[in-house]
Structures are given as structure tokens and as C-alpha cells.
Amino acid sequence: MRTVIAAVVAAGLAGPAAAQDSIKMGALATLEGAFTVLGEDSMRGVKLALEEFDYTAGGKKIELVTGSSDASPDSAIRATRKLVEQDGVQVLIGPLSGSEGLAVKDYAKTQPDVTFLNGSSAAQDTTLREPAENFFRFNTDGAQWMAGLGEYVYNEKGYRKLAVLAEDYSFPYTQVFGFLEPFCRLGGEAPVDARFWVPIGNKDYSSVIAALPDDVDAIYVALGGADAVNFLTQYEQAGGDLPLIGGSITVDQTVLGSKGRTRDFVIGTPSAGPISDTWDNANWNEFVAAYKAQFPDGFPSPSLFAHAYYVNTKAALLALNEVNGDLSDGGKAFREALTNLSFETPTGMVSLDPRRNAVADIFLTEVIEGPEGNLVNKTIKVIPQVDQTLGVSYDEFLKYGAVSRENPKCE
């Protein structure tokens, strides 16, 4: 009996000491469903950052605990609850998809002593409206990703009327808004009845393809993962010949780098987003080289998901260094360090606005064939330090209204 009591006492003494020597960090990504390949590359980004810091921050070892969702808010909350309430993570990186981010933001408000850093989710209202004080997003949102694209296709491509095809949830609403607002303001049209919204995981695009109007100059497509691959394949097989404009995730390496026949008809597709595959910059080239060395079975170039998770994870590690890994105050000092953090990423400097959303460079791009025959995004222009309100005041920006299927009207 004495032996059992001694063991229990010893375990009790050892527990806190062990806990002080390590920090539990959670990483949540979509490892199920249509966005699985996106989630897999997201986890590569987390591991790249942790390897860079030798899984150590503030003098403490980082213990990584992973969670999986299927891009639905319910699955994201179930996984987040497990990571926080059962696994005891003190810092959580994630989630990946837009509506997941909205749900996790709301959950964060119920866990004030846990610090949440976004993964890659890019719905506008995750930070713009009713933000959580313990939720930080060091990647830009979907509207920011479109900076410069609406003006480019209007002024340089000469497009005046467009159809839209996108998944039916908060991130594509954000992305479509960011693209259409300047395009429509310049005089372009994208009528509400020429906008097609499909659920995540849609496999058959035949009815959508048949319904696409003939009297448009191009189709703006905001689909990701398997959804994008399915549409592009079926559109080509159907003999579709309208030019495409790519949402950020539609021409990401998670689509362009997918296995199978190269879809040559997407060459020349303009897009914009937080990364550019061909950006000739030492930090980006170093990031790509590290990615390829660590993940030889990954994509030809890191996806925007790997990039976003890397940046958010690195932010957490840098801030932990600043507070010597001390989270004993419920993470208050750590969150203060995050709030004031500004650092160099593979794609330029990033800092946070008052609602803890990133201000960062955005890349205007065009799909080309790379030197190895793979499709990549060529840099056309870098739009520096784009903020979430796209250069107007916060109060003025709110007057645009919440993103939706019909905002802006554009008719």
C-alpha cells in the first residue's frame, strides 16, 4: 500500500514539473473529405515551422497534437473540443476552411486561457466582425487575396461581363466579394443569376456547365481541392472554351499539382493570392527548398495552405520565445507578444491590425507551364501590405455589408 501511495505522490510531483518543460500545441486541419489534400499540405507547413525551431520555443519542447475535420463547422468544433478539453493543448493552430474558422472563433471565446492562431481559414468575419480576443490570424483573408485582380481583368484583359462558379460557404463569399467589388466599381458585370453556388464535395458539374451563359467574357471560379479538379476536368471534357479567372485555391498547387493529365487550358488563367510559385525572392526560395527537402512526396511547390499554417505556427513560436515559454498567466503575456509581433515570412513582412488580422503582401499571378512541365503561378505584380479593409477606414468598409451570395450586386 505504501508503495502505491509513494508512486501516486511521485507521479503528482513529476506531473507539473514535466508540464513546465513542455508546451502542448494543437494543429487542426481537414484530413477528411474533399479538402483532404489541402489539409495534408497544411500539416507539412506546421512541421516545417517546428523543424525550423527544433520543436523548441522559449526553452521548452513543443509537443504536437493533431486533429482532423472534414471542412464542416461541426467537425471542426468536435476536433477543437477534443484538442482543448481532452488533450489539454495550450496553443491551437487551425482551422483550414472558412466556415470552420467562424465556428472556432466563437468557441475560442469560451476558452479564454487557450490561445488560438488561425490555420488558413480566410472568411472575412472570422476577424472583421465580433472578433475573439484570443484568436489571431497571421494569414490574410480571402478578400485581401484578391487585391489587384478585379482591376487587372477589367483593365488588362478587357473583360466586362462574367459568370461566377464557387462553393457555397463563407470563404468563397469573401473571395468573390474581394474580386467583384473593384471589378463592378469599374463598370463590370457579374449578374446574380449568372452566379452558381455548389456544396463542398460536389462531384457532378454537368448541370452547372450546361447552364453557364454564353454571353460572358470569362468565368470566375472559386473551387478548391477535389471540387476544382472535378470541375476543370469535366469542363475540359465538355469542350468548354470560356477563359477562366482563378480564385486563389483554384490555381493553388493543391489543384495544379494534382496527379493526372495536365489541364493545358488553364494556362494563362489570372489569379491573385498570398503566394506566387515563381516569386524570385531569397526567403521564398529558401522556404521552397526546405519544403522539397523535408517532403519529397509533396507538391512541386508549397501550397498556400502549407504557407499559411507555417506562418501562423512560426508566429506562435516567435511569441513563445519572447515570453520564455511562460503560459502560467493563462497566456496573457503570450497574447500580448502576438499582438505586437511583426516578422519576415517567406512572402514578406506580416503584422496584425487592431482585430488581430494580418496585413501582408498579395501576389497577382498567371498560370504558366513550369520548367519541369508542371503548372505554376508566375508573378505579375506584388501588391504591398494589403489590409483587411482594402485601404478604406474600418467604419467605411463595414458599410459594404456582410459578404454573401449577392454582395456586391454587380449588375
Side-chain angles (χ1 to χ4, degrees), residues 26-49 66-73 75-76 79-80 92-105 116-127 135-146 167 169-175 178 200 222-225 227-228 247-255 257 271-276 287 291 298-299 301-316 345-347 350 352 356-358 360-363 386 388:
L28 168 64
T30 58
L31 301 176
E32 310 157 44
F35 291 171
T36 296
V37 293
L38 287 58
E40 291 170 347
D41 216 40
S42 299
M43 288 300 186
R44 294 183 187 116
V46 172
K47 292 172 183 176
L48 269 175
T66 61
S68 173
S69 70
D70 62 9
S72 69
S75 72
T80 301
L92 191 146
I93 312 296
L96 180 143
S97 190
S99 294
E100 293 183 310
L102 294 168
V104 171
K105 179 267 297 266
F116 297 77
L117 291 93
N118 192 54
S120 60
S121 74
Q124 190 175 79
D125 278 350
T126 305
T127 52
F135 189 101
F136 298 78
R137 180 156 64 184
F138 282 87
N139 64 293
T140 38
D141 77 16
Q144 290 171 277
W145 292 356
M146 292 286 94
E167 287 146 336
Y169 71 104
S170 57
F171 164 70
Y173 300 161
T174 301
Q175 185 116 106
I200 295 174
L223 304 171
D227 292 351
S248 302
I249 64 176
T250 307
V251 295
D252 180 65
Q253 281 298 319
T254 50
V255 176
S271 185
I275 67 172
S276 174
F287 178 62
Y291 173 91
F299 295 108
S301 185
S303 71
L304 68 83
F305 302 95
H307 169 264
Y309 271 77
Y310 168 86
V311 169
N312 280 291
T313 304
K314 185 168 184 175
T345 77
T347 50
V350 65
L352 297 182
R356 295 163 295 283
N357 188 84
D361 293 348
I362 299 297
F363 298 82
V386 177
Q388 191 176 31

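This one's a predicted model, so the numbers in the text were calculated from it and none came from an experiment.
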From I93 CD1 over to N312 CG, what is the distance, rounded to the nearest 0.5 angstrom?
6.0 Å
Would you say the side chain of E167 lies within less than 4.5 Å of the side chain of I249, judging by non-hydrogen atoms?
yes
Would you compute the distance between atom CD of Q144 and atom CD1 of I362 and round it to the nearest 0.5 angstrom?
6.0 Å
Check the pair E100 / F35 against side chain to side chain contact (heavy atoms under 4.5 Å, CB included), numbers first and verdict last.
CA-CA 12 Å; E100 293 183 310; F35 291 171; over 6 Å; no
Mind checking whether L28 and S69 have side chains closer than 4.5 Å, heavy atoms only?
yes
Assign the ring pair F171 / Y169 to parallel, tilted or perpendicular, where the plane angle (0 to 90°) is split at 30° and 60°.
tilted
Would you confirm whether D41, through its side chain, and S303, through its main-chain N or O, come within 3.5 Å as a donor-acceptor pair?
yes
For Y173 and D125, test the side chains for any donor-to-acceptor distance below 3.5 angstrom and give the result as yes or no.
no
Okay, side chain of T254, backbone of V37: is any donor-acceptor separation there less than 3.5 Å?
no
Is it true that a side-chain atom of T174 and a backbone atom of G142 form a donor plus acceptor pair closer than 3.5 Å?
no
Can you name the residues that form a side-chain hydrogen bond (donor to acceptor under 3.5 Å, both in side chains) with N118, not counting sequence neighbours?
S121, N139
Side chains of D252 and F299: does their closest heavy-atom pair fall under 4.5 Å?
no
Do Q388 and T140 come within less than 4.5 Å of each other through their side chains, counting heavy atoms only?
no
Backbone N or O of S99 within a donor-acceptor pair of the S170 side chain at under 3.5 Å?
yes
Just how far is it from atom OG of S42 to atom CG of L304, taken to the nearest 0.5 Å?
8.5 Å
From S271 atom OG to Q175 atom CD, the distance as rounded to the nearest 0.5 Å
7.0 Å
Under the side-chain hydrogen bond (donor to acceptor under 3.5 Å, both in side chains) test, residues paired with K105 that sit two or more places apart:
none
Nearest heavy atoms of S120 and Y309, plus distance in Å:
N-CE1, 3.4 Å
Distance-only donor-acceptor check, side chains Q253 and S301, under 3.5 Å:
no
